[in-house]
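What follows is a single structure, written as structure tokens, with notes after it.
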Protein chains: 2
Amino acid sequence: MADRQALILEAAVRVIARSGIRGLRVEDLAAEAGVSTALIYYHFKDRAGLVQRTLAFINDRAVGYTEEALQGAQDARDALLRLLLSELQETGAVRENSVAWGELRASAVFDDSLRGNLVGSTRDWVRDTAELVADAQAAGLADLRVEPLDVAERLTALVEGLSGRWLSGSLDVERARELLAGAVEAELGPRR
Amino acid sequence: MADRQALILEAAVRVIARSGIRGLRVEDLAAEAGVSTALIYYHFKDRAGLVQRTLAFINDRAVGYTEEALQGAQDARDALLRLLLSELQETGAVRENSVAWGELRASAVFDDSLRGNLVGSTRDWVRDTAELVADAQAAGLADLRVEPLDVAERLTALVEGLSGRWLSGSLDVERARELLAGAVEAELGPRR
DNA sequence: GTCTATAGGAAGATAGAC
DNA sequence: GTCTATCTTCCTATAGAC
């Protein structure tokens, strides 16, 4: 069984998914994890440290289902679509991650200390996406006139927009996935 | 000069733009507005009522610059672009509104009582956008094969995604506007 | 309508025993 | 390492005077 710290971090993800980063109460987390508040302070120093560590934990976990999503892709264009769709799934872990990610971005508007992490992760994601766009072009599966970085930046930003609507109850996940697939078609042009 | 309530509401917008909905402290607002906390409770009953009224106030104000953006549009396609770009401007009021809107969406993930307002406003915005897409098609300025509602839903969601990146410091406003213009081109196809 | 003063209740953080 | 108990700070909300 995992150690106490890991148990607390897993509980923290659940609490953040339920109440948000700013709604995270150390006492709630203690109850969720079945430990005392003092233990949390012992392991994580203070609330800010706890949040920091939880965000890093979430990021690591995301790598898992992202790579999983790429398994079995037919070609580069298919891989691109799968990568993007992997953020829009009604799965426990994905939803938790999406909520946390959205909260992180929303919180970073008011809290500089959260921006570093965020900007870096965003850039990585955009870069990976742009590479798949370029691969698709090289394989003759996408319009050669489009700029991979522009397309990647738009598609990933669209995922974030759709995700926000999904999680805030304006859009169901199936419709979001459909819209995203349509955007990929519009951006890359017909398969040649 | 406006009455006290309006002064408080204007101050509340500034405080929300600076600290977020969940970061709004009645005491901060009192200082910003130059009144006592008691007066705020006198006029708005409680914190929730204050937030509610402020959000409505922000919505009303947004109608102003939205309509302004449509002035001088050359044609339906141009009007569509202007409508969308009006959310991405480095102007005091627009930035304040964008921050508040993003916060509202982010908060609604955890607070059901905020969803009603949000879902309705989103639907209206998407509908107005879809109408402009249909107008552009009728005027021969957009590909007739695209579904106006799908395009509108994607473009408005993209605006929200770009706006989130802009406000959280991942993207500057000029780049965001450029990317958005590119998306309109990709979605509507070349002018015919 | 508006203020000063303060009650009352969360929530973060720590002391000290085990 | 982990807990119980508690300190302290911050924040919403109200009482009561003007």
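Chain letters run A, B, ... following the sequence lines, proteins first, then strands; residues in each count from 1. Just so you know, these numbers come straight off a predicted model, no measurement behind them.
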Under 3.5 Å donor-acceptor pairs involving side-chain atoms of residues 52-59 of chain A, not counting sequence neighbours:
{"from": "A:Arg53", "atom 1": "NH2", "to": "A:Gln5", "atom 2": "OE1", "distance (Å)": "2.7"}
{"from": "A:Thr54", "atom 1": "OG1", "to": "A:Leu50", "atom 2": "O", "distance (Å)": "2.7"}
{"from": "A:Asn59", "atom 1": "ND2", "to": "A:Ser121", "atom 2": "OG", "distance (Å)": "3.3"}

Considering only distance and modelled atom types, tabulate donor-acceptor pairs under 3.5 Å from the side chains of residues 84-91 of chain B, sequence neighbours left out.
{"from": "B:Ser86", "atom 1": "OG", "to": "B:Leu83", "atom 2": "O", "distance (Å)": "2.7"}
{"from": "B:Gln89", "atom 1": "NE2", "to": "B:Ser86", "atom 2": "O", "distance (Å)": "2.9"}
{"from": "B:Glu90", "atom 1": "OE1", "to": "B:Arg95", "atom 2": "NE", "distance (Å)": "3.0"}

First and last nt of DNA chain C near chain A, cut-off under 4.0 Å to heavy atoms, 5' to 3', are C:dA11 to C:dA15
For this session: Say whether, by atom type as modelled, one donor and one acceptor occur between the side chain of B:Arg77 and the main chain of B:Leu141 under 3.5 angstrom.
Result: yes
Run the side-chain donor-acceptor check on residues 63-73 of chain B: report pairs under 3.5 Å with partners two or more places apart or on a different chain.
{"from": "B:Thr66", "atom 1": "OG1", "to": "B:Ala62", "atom 2": "O", "distance (Å)": "3.0"}

Assess, by modelled atom type and distance only, whether the side chains of B:Thr37 and B:Arg25 contain a donor and an acceptor separated by less than 3.5 Å. no
Taking the basic N atoms (NZ, or NE/NH1/NH2) and the acidic carboxylate oxygens, is any pair closer than 4.0 Å for A:Asp172 and A:Arg177?
no
Scoring nucleotides 6-12 of chain D by protein non-hydrogen atoms under 4.0 Å (B base, S sugar-phosphate only, - none) yields -----SS
For residues 122-134 of chain B, please give each side-chain donor-acceptor pair under 3.5 Å, one per line with the distance, not counting sequence neighbours.
{"from": "B:Thr122", "atom 1": "OG1", "to": "B:Arg105", "atom 2": "NH2", "distance (Å)": "2.7"}
{"from": "B:Thr122", "atom 1": "OG1", "to": "B:Leu118", "atom 2": "O", "distance (Å)": "2.9"}
{"from": "B:Asp124", "atom 1": "OD1", "to": "B:Arg127", "atom 2": "NH2", "distance (Å)": "2.9"}
{"from": "B:Thr129", "atom 1": "OG1", "to": "B:Trp125", "atom 2": "O", "distance (Å)": "2.8"}

